[in-house]
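Down below is the structure, laid out as structure tokens.
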Amino acid sequence: LIHQEIATGLRLGLDFGLIEAEGIDGLIVDLDGVVWVGDDEIPGSVRALNTLVDRGVSIVFLTNDPRGSRDDYAARLSRLGVPANSEQILTSGSVLASVIRNRHGNGASTYVVGPTALKIEVQRAGLLLADGAQARDAVAVAVGAHSGFNYDELRSAAQAVRGGAALYAPGRDATFPMPDGPWPATGAVLAAVETAANSRAVVVGKPEAPMFELAQSRLQGCQNVVVVGDSLESDILGAARVGLSSILVLSGTSSLQDLDDESRVVRPDLVLPRLANLIPD
Ligand SMILES: [Mg+2]
């Protein structure tokens with residue numbers, strides 16, 4: 001995909017129908033920084049997504065934020081004007097639940113430290129949600145930050161892992177941005193559990209492969225699938241790890257300056273100002 005473009009420098013914007021020219025029939029689209037920032041649509045993204053769907057492109061959406069359920073994100077997309085269902089959404093929480101089910105089997109007892117959305121995903125995946133008293137018998141422990149995190153959860157999770165349960169987390173980000181400064185995120189809570197349990201978690205969210213592999217499985221039948229994301233470290237690196245082409249949009253985390261940094265080994269195949277530039281005006 002347009003490897004020559006990036007090799008000879010950045011091409012900003014397009015004056016032709018990239019999607020048709022490249023025969024792209026499947027897109028894996030990151031949400032934060034690509035479709036929206038905070039509560040606001042990134043201009044043109046809704047029109048672009050609807051145009052892509054009209055042209056027969058299949059789309060799966062990704063987010064590393066486990067605080068919402070897939071239904072929450074599907075509803076938010078639909079409210080913005082992009083009709084979507086939960087089957088088109090992969091959150092790091094839903095991927096985490098799928099990975100635990102695939103590795104430990106249907107009905108595997110799982111102790112969750114995390115938000116309600118993560119517990120819902122664990123149950124929807126067919127796992128048995130263990131409470132604190134049952135944590136010692138759990139075969140898996142899933143850890144995500146939530147505002148109710150407390151010592152009892154830390155103790156139960158650590159004891160379960162020390163008793164042989166496998167430790168999983170949706171991500172390792174230490175903080176997430178808030179108006180009054182960074183708030184502790186999953187990485188911070190996970191560090192406490194890992195320290196207490198003397199164990200290191202398996203992480204499934206971007207840029208780790210499981211999220212991208214599940215997204216690819218949702219796009220079975222597509223011949224040419226491309227990842228669109230705003231982060232070199234999570235989206236573009238993750239795409240490279242599973243052998244997918246990628247498009248970096250500059251509407252979120254990563255900047256042109258980041259691309260100039262020679263120490264970064266991962267390069268996108270194409271750079272665009274934003275998602276809307278996939279579709280000619
Ligand atoms: Mg993003």
Side-chain angles (χ1 to χ4, degrees), residues 12 26-46 48-49 52 59-70 72-77 80 82 84 88-96 115 117 144-145 169-179 182-183 185-187 203-216 218-219 225-242 244-259 261 264 266-278:
L12 292 175
L27 284 180
I28 297 171
V29 178
D30 176 44
L31 285 170
D32 261 307
V34 178
V35 178
W36 54 55
V37 168
D39 289 332
D40 301 324
E41 179 204 350
I42 292 168
S45 60
V46 168
L49 289 169
L52 291 163
I59 302 177
V60 169
F61 297 95
L62 304 185
T63 176
N64 254 13
D65 188 345
R67 288 174 296 165
S69 70
R70 284 172 292 158
D72 294 335
Y73 291 108
R76 191 172 166 193
L77 276 167
L80 267 182
V82 183
Q88 289 174 270
I89 315 279
L90 290 172
T91 71
S92 51
S94 70
V95 174
L96 180 55
R172 217 172 252 293
D173 286 351
T175 61
F176 61 91
M178 286 294 277
W183 285 25
T186 289
V203 172
V204 304
K206 299 178 294 177
E208 307 303 330
M211 183 173 258
F212 293 93
E213 289 166 352
L214 269 173
Q216 281 180 287
R218 296 280 167 86
L219 293 171
V225 175
V226 175
V227 174
V228 186
D230 68 305
S231 166
L232 286 168
E233 276 81 12
S234 64
D235 306 310
I236 308 306
L237 177 59
R241 283 181 174 174
V242 296
L244 288 173
S245 297
S246 62
I247 298 170
L248 179 73
V249 291
L250 299 172
S251 49
T253 300
S254 295
S255 65
L256 277 179
Q257 287 80 359
D258 296 329
L259 276 170
D261 184 349
R264 295 182 193 243
V266 174
R267 308 280 287 176
D269 296 280
L270 183 72
V271 181
L272 295 173
R274 49 187 192 231
L275 186 64
N277 298 101
L278 272 177

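In each ligand, atom 1 is the first atom listed, and ligand 1 is the first ligand listed. Small disclaimer: the values here were computed from a predicted structure and weren't measured. When a residue number appears, it is its place in the shown sequence, counting from 1.
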Problem set entry | Separation between CG of Asp32 and CZ of Phe61, rounded to the nearest 0.5 Å | 13.0 Å
For this session: Would you check if the Mg ion (ligand 1) lies under 2.8 Å from any N, O or S atom of Asp235?
Result: no
Exercise. So which heavy atom on Val34 is nearest to which on Leu275, and how close?
Worked result: O-CB, 4.0 Å
Exercise. Does the Asn64 side chain pair with the main chain of Lys206, one donor and one acceptor, at a distance under 3.5 Å?
Worked result: yes
Seminar exercise, completed: The atom of Asp230 among N, O or S that is nearest the Mg ion (ligand 1) is OD1
Seminar exercise, completed: Checking distances from the Mg ion (ligand 1), one finds that the N, O or S atom of Asp32 closest to it is O
Problem set entry | Between CG on residue Asp30 and OG on residue Ser246, distance to nearest 0.5 Å | 12.0 Å
Problem set entry | Of the N, O or S atoms in Asp30, the one nearest the Mg ion (ligand 1) | OD2
